[in-house]
Amino acid sequence: MAQELKDTLLLPKTDFPMRANLVQREPARVAHWEKTDLYNAIQRQRADAPAFVLHDGPPFTNGDVHIGTALNKTLKDIINRYKSMRGFRTPYVPGWDCHGLPIEQKVSAEIRQQNLTLTQAEMRAKCDEFSENWIAKQTAQFKRIGVLADWKNEYKTKEPAFEADIIRTFAAFVEKGLVYRSKKPVYWSIPFETALAEAEIEYKDHVSIAIWVKFLVPVDQAEKFGLPTDKPLYIVIWTTTPWTIPANLAIALHPDVEYVVADLGAERIIVAQALLGAVATAAKIEPQPTTVLTVPGAKLEHLQARHPFIDRASPVVLADYVTTDSGTGAVHTAPGHGADDYLTGLKYKLQIYCPVGDDGKYLDDGQVPADLVGLTTLETVEDLAAKRPAPANLGVLKKLAAAGALLAKAKYPHSYPHCWRSKTPIIFRAVDQWFVSLDKAGMRQTALAEIIKIASHQGWIPAWGEARIRGAVESRPDWCISRQRSWGVPIPAFYDANKKAYLDATVARAVADKIATRGTNFWYDATPAQILEGVTLPSDWPTPEALVCGRDTLDVWIDSGSSHAAVLKRGQGGTHWPADLYLEGSDQHRGWFQSSLWTSVIAFGAAPYKAVLTHGFIVDKDRQKISKSSTYQKPQTADAYIAQHGADVIRLWIASQDFRDDIPVDDEILKNVGEAYRLLRNTFRFQLSNLFDFDATKDALPIEQMDVLDRWALHQTAVLIDECTKAYDAYEFHRVYQLCNQFCAVTLSAVYHDILKDRLYTLKSAHPLRRSSQTAIHHIFRSLVKILTPFITFTADEAWSFATTGKEYSVDSIHLQDWPVAPAAWRNPELEAEMATLLKFRAQANEKLEPLRQAGTIGKSLDAALSFGGSTDDATFRVLEKHRTFLPELFIVSQVNLGTTVTTTVEISAQHARDLGLARCPRCWRSVPTLNQTAHGEVCPRCEEALNS
RNA sequence: GGUGGCUUGGCAGAGCGGCUUAAUGCGUCUGACUUAUAAUCAGUUGUCCGGUGCUAGAACACCGGGCCGAGGGUUCGAAUCCCUCAGCCACCGCCA
C-alpha cells in the first residue's frame, strides 16, 4: 500500500550527484573549459563592455605553486569572474617573473655538479630552460585551482619584447638625468672576482686577528676639545679585519656612551669607560690605568685624529650602532668596507674609499703605502688550513707595529661569511654601482602625490595600505639598480679602456629595439661595434671599437616593476593603462607596488594603478606562518591541498576568510568549510531535483499570482542579492560566504524548503500552488548559483549545466550569464515584517512540539495540532489571524486553531492530531477530519484530487 | 632595532560608545524522520568564581559576579575611545 501511494508522489529527481567527488571530477571540467575556450567566450561576450583590468603580479618561476600563491591567484580569479558577470570586460593577462638570483643559483649548482664551465650566454640559456619548465608546471597548477586567464597572451619578463621594454623604461630614467654611478660596499668573492648575494654566503668559524690600534689626537685638537695635552693622547679602536686599516676614514663613537681619558703612564688613551678594563687586560697594562676624565661621545664629534701610518685625518663621527659589548667603544670606520660604515660615510659625506682591486690586492692609488701595494687580502683555502693570515693582514700589522700604533693584538675566533663556492672568507668591498636618484626632477613628490590621489578615492584597500607605501616611498634611499649577475636584463652601458662609463637614453632605446628582435643574448654575444651599428652616438662618445659592453644586470624589481609598461601600455590581451586594480600580499607595498609606482612615475608621470588591494599571509591555527611551523611537515603546495579537498573547497575556504588579515588554515577550518560546501551543494541539488517537471518558459507564474510564502522567499532573495553585491564590491568575500551560508541553512533549508516539501511532493504537477513554489525555486536557484559562481566555480558550472540541459556539461556556461538583479516586484517589506512575526511564533511552536516528540507522543510535526490563544488587541496575534489558512503549512502541523482570550501574550499549546479526532492521510501524512475511499485506499480530499487528475 | 598591521566563545565571523545578559552560521550533544538519505528537521550548547537547593559527593537546577590578548585610563555607560605591555605577521638586504 505504502509503496503504491509513494509512487503517486512527485518526489525529487535529478542527476546532479549529491557527492561532489571534486578531486576526481574537477580536472575534467578544467579540460571542458579549455576545449570550449571559456576564457575567450567570456571575453567575446563582453567585447563592447567597459574593461576592468586586474593586472597580474608575476610569480617567481622556481618551484611548485605555493598555497599562498594560489590564494593570491584565486582572489584575482574571484574578482575577475565577478566583474565579468557584472558586465565588465575582464582581460586577465597572467605574468611570470623569470629573472633573478634564486634561479641562477639553482642552475649554477647543477652546473657545478656536472663540472661544466659555461659562458654567460650558455648560463643564461640554462636559466631560461629552468624558468620555462616551471612556467609550464605552474600554469597547470593554476588551471587546476580554476584560474581562468589569457594563457596564450601571458607575459614573461624573460621574453625579448618584455626585456626591451624594461630597457626602454630604464632609458626614461637615464633621460631624466636620474641615473648616476657611485660606490657601494658589497660581499665580494676574490677568487671569482664577483659580488655575491646574501644567499651565496656561508657563515663559518674563522680565527681572525683582532687588533687594538692607537689613533693620535694632535695637540691642537686636544686643546680644542678640552682634553689634556701634557702626554700623548690616542683614541684606541678595535677591529678584526686589519687589512681595512688603510681604508680607515673615521672613528665612530656612540653619542651617549661615556668615554674616558685613561693614563697609562707614558701616554693616555681614549676608550669607552665600560671597556677600559677589557682594553687594559688585552694590552697587558700594569698597573691598572687611572681615569683622568670622562666625556660623552657626543662631545667629541668632529675631533680630527690622525691615521696611524697614512698622512690623513680620521675624524670622530657618531653612530648609534656602536656598542660596548666588545672592542673599545671606538669603531674603526672604513666606508668602502662595511654596510654600517658606508651609511655613516654617506651621513658625514666621507669618500666611499676602497683601495682594494677586483683581485683583492691593494691598489697603488698614491695613498696606500708602497710596501702594502700588491698584497692580497685573500686567505686561500691553504692559508686557512695552515692558519696563516692573509698577506695584507700581516703587512698592516707590520706597519702598525713599526708606527708604534699597535696597542695589542689577539686571536679572535668568530663566525665569518665565506664564499659558498670557493670556501674562502669574503671581503666587504665598495664597487661602482648604478643608482637612480629618486629626488631629482621632483620624482619623490610626484610619487607621494600619486599615493594621495589614489587614497582620495579609497584606492588603498585596506586603507592602511596608504601609510604603508607612503612610508616605503618616503624613506627609500637612492635605488641601487645594478647587479653583478648573469640571469637578468643587461644595463646598456659601455666602458672605455679607462673604465669610464657611457650611458645614453637614445642609445639605450636603440639597444632595446635590437634586443626586442634578437633577444638579450645579443648583448652578450655581439661586439660593441655590432650592437651600435647604425646607432648615432652622442658626440662625446668614443668610437664603438674603443668600448666594451657592461656586464651588470638590472635589479629584478625593475623587471617586474616595468610590467605595466610592457603589458598595459601596449594593451596586451585587451588590457589598458593604468590598471584598475593591483592585488598582492601586503609585503608588496615595499616590493612590486613600490617598484611599479616608481617606474611609472618616472616613465609616465603617474601611478600605474587606480587601486591596490592587499591580502595577508597564510598562517597555521596558532598564527604562526606555516613555513615556520614544525607541525606542518607536508609540502605547502597548492596541489597538496587540492589533492585532499578539491579546488572548490579550497576556493570556498579562501572566500570564507577575511583575507585582509592573516589567513589561518588547519584541518578543522577546512573541515568546516567542507561542511559548508556540502550545504551549498545540497541546496542546489534540492532545488534542481524539484524542478524536474518544471519548464520556466511555460510553467512559471507571474509574481502577482504567486503564493505569499514564495513571495516572501523572493523578497529574501532580493535582500541576499543586494547584500552580496555590496560585499563583493567591497571585496569582502567572507561576508558573501556568511550571507549565503545563512541563507541556505536558515531561510531555505530550515524554513522555506522544509515547508515546501508538502506542496511539491503531494500536489498534482500543475497545481498553481506547486507552480508558484517552483517558479520561486527557479528564480532563487538562478540567483544563488550566480552569486556563488566566483567562489565554487566548478560546482556552479556543473549545477548550471544540469539546470539548463539536464547534463553534466554544456557549452552555455554560467560564466556567460549576467549578475542577478532582483526585480522590484520581488521586494515586499510588509510581507517580510509579517513573516518575521510568524517565524517567531514558529520557533515558539517548535519548542512546544519538542517535549511531545521527546516523550514519544509524536514523531514528525505533522502528527501534531497547535492551538494559539491570544487577543485581537495584540498586533502579532492579528498577523496570525490574517494568515490563518497558511498556518498549518508554516508550522508543518496538521491543524492550527486560533482562540481568542484576554491574555496579553499569545499562548501556544500542542497535542497529537488524533486527540482532536483527526485521521492521518497515508499519502501526505497530514491528519484531516475525514478520509475518502479511492482506488488507492483511503486518502484525504486533497490527495484524492491530486490522484484523480 | 625601526615601520606597518593583527589579537572577539571549539571554528569562521558580526560588532564602529547605550538596542550586547556578544549576532549569525558551522560544529557539539540529545532526539525525530525515512517523502533532499554519506541527506533532512527539532531542541540543546561558552567559560571561570561564589552562593542556594539536594543526607554528603557527583550530576542537575536556580541566583550573583568576572571574562571580547593582559593591565590601566576616559565616560553616567566600553568589545567599541585613549595609554602601556604581551603575542603573532610583514617589510626594512645583490631573496622575490
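Throughout, a chain's letter reflects where its sequence line sits, starting with A, and its residues are numbered from 1.
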Among the candidates [options], find the nucleotide nearest to the side-chain atoms of [X].
X        : options             : answer
A:Met18  : B:A38, B:U7, B:G25  : B:A38
A:Gln742 : B:G13, B:U24, B:G31 : B:U24
A:Gln484 : B:A42, B:C94, B:A12 : B:C94
A:Asp662 : B:A96, B:G31, B:C89 : B:C89
A:Glu668 : B:A12, B:G13, B:G10 : B:G10
A:Asn846 : B:G43, B:G25, B:A90 : B:G43
A:Asp754 : B:A36, B:G31, B:C41 : B:C41

Exercise. Would you call the rings of A:Phe781 and A:Phe684 parallel, tilted or perpendicular if under 30° counts as parallel and over 60° as perpendicular?
Worked result: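 Rings of A:Phe781 and A:Phe684: perpendicular, as their planes differ by over 60°.
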Exercise. Do the ring planes of A:Phe593 and A:Tyr582 sit parallel (below 30°), tilted (30 to 60°) or perpendicular (above 60°)?
Worked result: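 Tilted.
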Going by modelled atom types, is there a donor-acceptor pair between the base of [N] and the side chain of [X] at under 3.5 Å?
X        : N     : value
A:Trp592 : B:A96 : no
A:Gln738 : B:A12 : yes
A:Ser861 : B:A42 : no
A:Arg19  : B:A38 : yes

So, [X] and [Y], do they make that salt bridge, N to O below 4.0 Å?
X        : Y        : value
A:Arg759 : A:Glu889 : yes
A:Glu850 : A:Arg853 : yes
A:Glu732 : A:Arg660 : yes
A:Asp56  : A:Lys73  : yes
A:Lys726 : A:Glu723 : no

Problem set entry | Contact nearer the 5' end of RNA chain B, comparing A:Cys924 with A:Gly859 |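 It is A:Gly859 whose nearest nucleotide is closer to the 5' end.
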For this session: Name the residue closer to the 5' end of RNA chain B, choosing between A:Ser586 and A:Arg923 according to the nucleotide with the nearest heavy atom.
Result: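 Final value for this comparison: A:Arg923.
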Now, which nucleotide makes the Watson-Crick or G-U wobble pair with [N], with each of the two distances under 3.5 Å?
N     : answer
B:G53 : B:C60
B:A96 : none
B:A90 : B:U3
B:U20 : none
B:A38 : none
B:G27 : B:U45
B:U80 : none

Any side-chain N or O of [X] less than 4.0 Å from the OP1 or OP2 oxygen of [N]?
X        : N     : answer
A:Lys671 : B:G27 : no
A:Ser482 : B:C94 : no
A:His734 : B:A14 : yes
A:Arg685 : B:U37 : yes
A:Tyr761 : B:A36 : yes
A:Arg735 : B:G15 : yes

Write down the distance separating the [atom1] atoms in [N] and [M], rounded off to the nearest Å.
N     : M     : atom1 : answer
B:C67 : B:A22 : C1'   : 12 Å
B:U55 : B:G72 : C1'   : 49 Å
B:U80 : B:G71 : P     : 13 Å
B:C33 : B:C49 : C1'   : 43 Å
B:G51 : B:A59 : P     : 15 Å
B:A78 : B:C19 : P     : 11 Å
B:U75 : B:C82 : P     : 16 Å
B:U8  : B:G13 : C1'   : 9 Å

What is the distance from [atom1] of [X] to [atom2] of [N], rounded to the nearest Å?
X        : N     : atom1 : atom2 : answer
A:Lys757 : B:C33 : NZ    : C1'   : 9 Å
A:Leu748 : B:G25 : CG    : P     : 14 Å
A:Trp479 : B:C92 : CH2   : C1'   : 16 Å
A:Glu104 : B:C95 : CD    : P     : 12 Å
A:Gln588 : B:C95 : CD    : P     : 15 Å
A:Tyr677 : B:A38 : OH    : P     : 16 Å
A:Ile663 : B:A90 : CD1   : C1'   : 12 Å
A:Phe733 : B:A14 : CZ    : P     : 14 Å

Answer with base, sugar-phosphate or nothing: what part of the nucleic acid does [X] contact at a heavy-atom distance below 4.0 Å?
X        : answer
A:Asn682 : base
A:Ala750 : sugar-phosphate
A:Asp658 : sugar-phosphate
A:Gly471 : nothing
A:Ala467 : nothing
A:Ser749 : base
A:Ser656 : sugar-phosphate
A:Val673 : nothing

Exercise. So, is the end of the A:Arg770 side chain (NZ or CZ) under 6.0 Å from the ring centre of A:Phe694 and within 45° of the ring's axis?
Worked result: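 Judged by the rule, A:Arg770 and A:Phe694 form no cation-pi pair.
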Exercise. Hey, does the Lys NZ or Arg CZ of A:Arg476 hover above the aromatic six-ring of A:Trp479, less than 6.0 Å from the centre and inside 45° of the axis?
Worked result: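 Positive - A:Arg476 is close enough to the ring of A:Trp479 and near enough to its axis.
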Problem set entry | Over all atoms of both residues, closest heavy-atom pair of A:Leu756 and A:Ser773 |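 Taking every non-hydrogen atom into account, CD1-OG, 3.5 Å.
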